[in-house]
Amino acid sequence: MNSEIIKEIIKLKQQKNAVLLAHYYQIAEIQDIADYIGDSLNLAQAAQATNADLILFCGVHFMGETAKILNPSKKVIIPDLNAGCSLADSCPYDDFKAFRDAHPEHLVISYINCSAQIKTLSDIICTSGNALQLVNSLPQEQKIIFAPDRNLGGYLNRITGRNMLLWEGTCEVHELLTAEQTLKLKLQYKDYKLIAHPECNASVLELATFIGSTQAMIKYVKQSSDKKFLVATESGIVHQLKKDNPNKDFIVVTTDETCACNDCQYMKLNTLEKVLHSLQTEEYEIILNEDLIEKAKQPIVRMLEMSRSLGLIK
Ligand code: 13P
Ligand code: SF4
């Protein structure tokens with residue numbers, strides 16, 4: 001059944017000169033048919049660079065928006081319009097505008113996991129793959145608002161010695177992981193090294209051997225001589241970790257032994273059937289007005305330019 005769907009998806013992709021971009025949090029079957037798989041930073045670059053006529057973005061809504069903003073002449077579609085993000089939702093436009101306006105001397109750095117409207121209120125966008133270097137490239141005395149993820153912002157404050165003002169948003173997947181459960185697993189699996197995404201809260205991060213973006217964790221595990229890892233992030237990453245390291249062992253950290261709570265409910269809305277439907281119908285299109293695109297584009301382009309000049313991307 002899946003093989004028929006996959007054949008049809010490949011045929012339609014060719015016919016329509018479409019590119020399928022997928023985040024590492026997608027189900028394994030979608031990761032395996034993607035033309036390009038990456039974390040938020042890689043995917044933003046791929047969306048900007050593509051020559052395809054149609055971009056099918058398998059991730060969540062804000063990622064589709066980012067692709068449209070960076071490449072507005074292309075048609076961008078996503079398989080399920082309900083694929084949102086708790087972190088993006090935790091930062092409503094009016095509230096954030098009032099917060100920003102109350103701090104006019106502050107530069108606004110927003111994590112890419114936010115709506116296009118929030119991007120228009122931001123000076124620089126960052127991802128977990130470049131946040132540290134972007135923040136470090138700014139003068140120490142520069143006042144900064146960091147939004148919307150308080151965990152990533154808190155982590156950056158701790159390692160840079162800054163005092164950025166933080167918006168109180170969280171990712172529901174990473175926020176649910178607790179130090180108690182993580183510690184329990186560490187005691188149970190003593191020879192496993194903990195790797196964690198900076199969207200986890202501080203008490204989990206304190207237990208980690210390595211902290212980094214999705215791509216950084218994948219790179220770290222590949223280069224590490226260690227063979228066993230506890231993984232504190234969304235479950236989808238394990239597919240790539242296993243592919244790259246068939247002889248290494250991975251245990252995902254969850255809130256308790258029984259739950260699948262580190263599956264992002266939004267990322268996992270996308271299925272092969274929906275990908276096929278999306279290619280057949282060219283639904284659901286990301287439509288943004290020109291003014292919004294123009295304003296939201298500036299801080300994203302600034303991020304890409306700064307990342308290039310810092311040697312983080314090509
Ligand atoms: P990265 O892709 O930057 O690691 O972010 C993880 C995430 O939560 C994406 O929704
Ligand atoms: Fe949003 Fe968290 Fe899901 Fe990423 S994993 S899309 S930040 S809810």
Side-chain angles (χ1 to χ4, degrees), residues 21-27 30-31 34 36-47 57-67 78-91 109-115 118 125-134 146-153 155-156 167-177 195-201 204-205 208 210-221 231-241 252-255 260-270 300 303-304 307 312-313:
L21 307 182
H23 192 274
Y24 287 117
Y25 293 177
Q26 291 295 285
I27 57 168
I30 293 181
Q31 293 191 37
Y36 197 91
I37 177 155
D39 69 359
S40 306
L41 180 58
N42 313 138
L43 292 170
Q45 278 181 278
F57 207 117
C58 292
V60 290
H61 194 269
F62 76 78
M63 295 180 173
E65 279 186 343
T66 305
I78 58 174
D80 191 319
L81 263 187
N82 294 315
C85 168
S86 69
L87 187 49
D89 289 348
S90 66
C91 195
I109 304 183
S110 296
Y111 190 31
I112 201 164
N113 299 29
C114 65
S115 66
I118 295 298
I125 295 301
C126 71
T127 74
S128 53
N130 59 19
L132 174 61
Q133 291 86 344
L134 294 189
F146 188 88
D149 188 16
R150 68 159 183 235
N151 288 337
L152 175 59
Y155 167 69
L156 293 169
W167 185 259
E168 287 289 315
T170 55
C171 156
E172 65 181 31
V173 178
H174 293 88
E175 180 67 4
L176 271 177
L177 305 179
I195 56 169
H197 195 282
E199 286 175 25
C200 294
N201 64 57
V204 171
L205 294 180
F210 179 78
I211 300 166
S213 69
T214 308
Q215 192 70 60
M217 280 192 272
I218 289 169
K219 190 172 165 199
Y220 175 79
V221 169
V231 182
T233 188
E234 212 274 348
S235 59
I237 189 177
V238 174
H239 182 59
Q240 187 66 40
L241 290 174
V252 286
V253 178
T254 52
T255 309
C261 40
N262 61 345
D263 281 345
C264 171
Q265 58 164 319
Y266 311 104
M267 287 278 184
K268 298 310 197 256
L269 280 176
N270 296 332
I300 310 176
M303 165 186 83
L304 292 172
S307 299
L312 301 173
I313 58 172

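All values below come from the heavy atoms of this structure, side chains included, with hydrogens, waters and symmetry mates left out. Atoms within a ligand are numbered from 1 in the order they appear, just like the ligands themselves.
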Under 4.0 Å from one or more heavy atoms of Y25, ligand 2 contributes atoms 5 (S)
- Contact between Y24 and ligand 1, counting heavy atoms under 4.0 Å? no
In terms of heavy-atom contacts, S110 and C114 come closest through CB-SG, 4.1 Å
Quick note on ligand 1: atoms under 4.0 Å from a heavy atom of M267 include exactly 10 (O)
E199 heavy atoms within 4.0 Å reach ligand 1 at atoms 5 (O), 6 (C), 7 (C), 8 (O)
*Does some non-hydrogen atom of Y111 fall short of 4.0 Å from ligand 1?*
yes
Under a heavy-atom criterion of less than 4.0 Å, does Q215 contact ligand 1?
no
Check: Below 4.5 Å, heavy atoms only, C-beta onward: do Q215 and L41 meet side chain to side chain?
Finding: no
Practice prompt. Flag H23 as yes when one of its N or O atoms lies below 3.5 Å from any N or O atom of ligand 1, and as no otherwise.
Written response: yes
d(E234 CD, Y24 OH) to nearest 0.5 Å is 13.5 Å
Hey, is there an N, O or S on C171 sitting under 2.8 Å from atom 1 (Fe) of ligand 2?
-> no
Pairwise side-chain contact, Y155 with C200, heavy-atom cut-off 4.5 Å (strictly under): no
Ligand 1 to M63, heavy atom cutoff 4.0 Å, flagged ligand atoms 9 (C), 10 (O)
With only distance considered, is H174 within less than 3.5 Å of ligand 1 through an N or O on each side?
no
*Would E199 count as a contact of ligand 2 if the rule is a heavy atom under 4.0 Å away?*
yes
When distances are taken from atom 6 (C) of ligand 1, the protein heavy atom at minimum range is Y25 OH, 3.2 Å
* Asked: Does N151 reach the main-chain N or O of P198 with its side chain, forming a donor-acceptor pair under 3.5 Å?
  -> no
One finds that the ligand 1 atoms under 4.0 Å from a non-hydrogen atom of S128 are 1 (P), 3 (O), 4 (O), 5 (O)
Min over P148, G236, S86 of heavy-atom distance to atom 8 (S) of ligand 2 lands on S86
Quick note on ligand 1: atoms under 4.0 Å from a heavy atom of N113 include exactly 7 (C), 8 (O), 9 (C), 10 (O)
Looking only at protein heavy atoms, what sits closest to atom 7 (S) of ligand 2 is N113 ND2, 3.2 Å
### Query
Are D39 and T127 close enough that some pair of their side-chain heavy atoms sits under 4.5 Å apart?
no
### Message
Donor-acceptor pair, distance only, cut-off 3.5 Å: does the side chain of E199 make one with the backbone of L152?
### Response
no
The single option from D89, I78, D80, N82 that satisfies side chain to side chain contact (heavy atoms under 4.5 Å, CB included) with H61 is I78
Please tell me whether T233 and Y25 have a donor and an acceptor in their side chains that are separated by less than 3.5 angstrom. yes
Numbered in order shown, the ligand 1 atoms found under 4.0 Å of a heavy atom of T214 are 1 (P), 2 (O), 4 (O), 6 (C)
Check: D263/S235 side-chain N/O donor and acceptor closer than 3.5 Å
yes
Atoms of ligand 2 under 4.0 Å from any heavy atom of C264, numbered from 1 in the order shown, are 3 (Fe), 5 (S), 6 (S), 8 (S)
*asked:* Taking only non-hydrogen atoms of E234, do any sit less than 4.0 angstrom from ligand 1?
replied: no
Taken to the nearest 0.5 Å, the spacing of M217 CE from Q240 CD works out to 12.5 Å
re atom 1 (Fe) of ligand 2, the protein heavy-atom contact at minimum distance is C85 SG, 2.4 Å
Under a 4.5 Å cut-off applied to non-hydrogen side-chain atoms, are S307 and L304 in contact? no
